[in-house]
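Reviewing the structure listed below.
Sequential numbering from 1 along the given sequence is applied to the chain's residues. This one's a predicted model, so the numbers in the text were calculated from it and none came from an experiment.
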Amino acid sequence: MERYEIVKDIGSGNFGVAKLVKDKCTEELFAVKFIERGLKIDEHVQREILNHRSLKHANIVRFKEVGTSSWL
C-alpha cells in the first residue's frame, strides 16, 4: 500500500472500511476496501474476489488488485 495515499474515508460495514486513495505515480483515484482478517471472513472474501474479478459492466467498479496491509 506504499503506492497509494489515503484521501478520505468513504464508508464502513460489518467487515471493514472503504477509503478513497490516490496512486502516487499516476494520481489516479481508487476506492479501496480494507477488510479485517479472520478464518470465516477470509472464506467470504475469497469468494467475493473471484466473483468480482469476473464482472464487466459499466455500472460496476472494476476490480484492480488484492493485497494485504496493516491499514484499517
Side-chain angles (χ1 to χ4, degrees):
M1 291 302 300
E2 294 142 7
R3 173 179 169 174
Y4 304 104
E5 170 187 335
I6 295 177
V7 177
K8 68 177 183 176
D9 288 348
I10 297 174
S12 62
N14 291 332
F15 301 116
V17 297
K19 296 181 184 280
L20 179 65
V21 300
K22 181 169 68 171
D23 185 307
K24 291 178 183 176
C25 296
T26 66
E27 296 195 6
E28 191 173 8
L29 295 173
F30 296 97
V32 175
K33 189 178 195 178
F34 293 90
I35 301 171
E36 295 178 34
R37 301 294 305 261
L39 186 58
K40 186 161 180 71
I41 293 171
D42 284 353
E43 292 174 22
H44 295 292
V45 170
Q46 188 171 19
R47 185 172 46 237
E48 182 177 343
I49 290 167
L50 291 172
N51 291 337
H52 201 96
R53 277 189 170 155
S54 66
L55 297 174
K56 304 271 191 272
H57 191 277
N59 295 331
I60 299 174
V61 295
R62 185 172 48 98
F63 186 87
K64 185 117 171 135
E65 65 183 84
V66 174
T68 58
S69 173
S70 59
W71 293 6
L72 190 61

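Cluster annotation: Val21 is not connected to Ile10 through the hydrophobic network of ILVMFWY side chains, with a link wherever side-chain heavy atoms come within less than 4.5 Å. A continuous path of ILVMFWY side-chain contacts below 4.5 Å connects Val17 to Ile6, so both sit in one hydrophobic cluster.
Tyr4 and Asp23 get closest at one heavy-atom pair: CD2-CA, 3.7 Å. Scanning all heavy atoms of the two residues, the minimum distance from Leu29 to Leu20 falls at CB-CD1, 4.1 Å.
Lys33 pairs by the side-chain hydrogen bond (donor to acceptor under 3.5 Å, both in side chains) definition with Glu48, not counting sequence neighbours.
Atoms CD and NZ, from Glu5 and Lys22 in turn, are 5.0 Å apart once rounded to the nearest 0.5 Å. Atom CZ of Phe34 sits about 9.5 Å away from atom CG of Asp9, to the nearest 0.5 Å.
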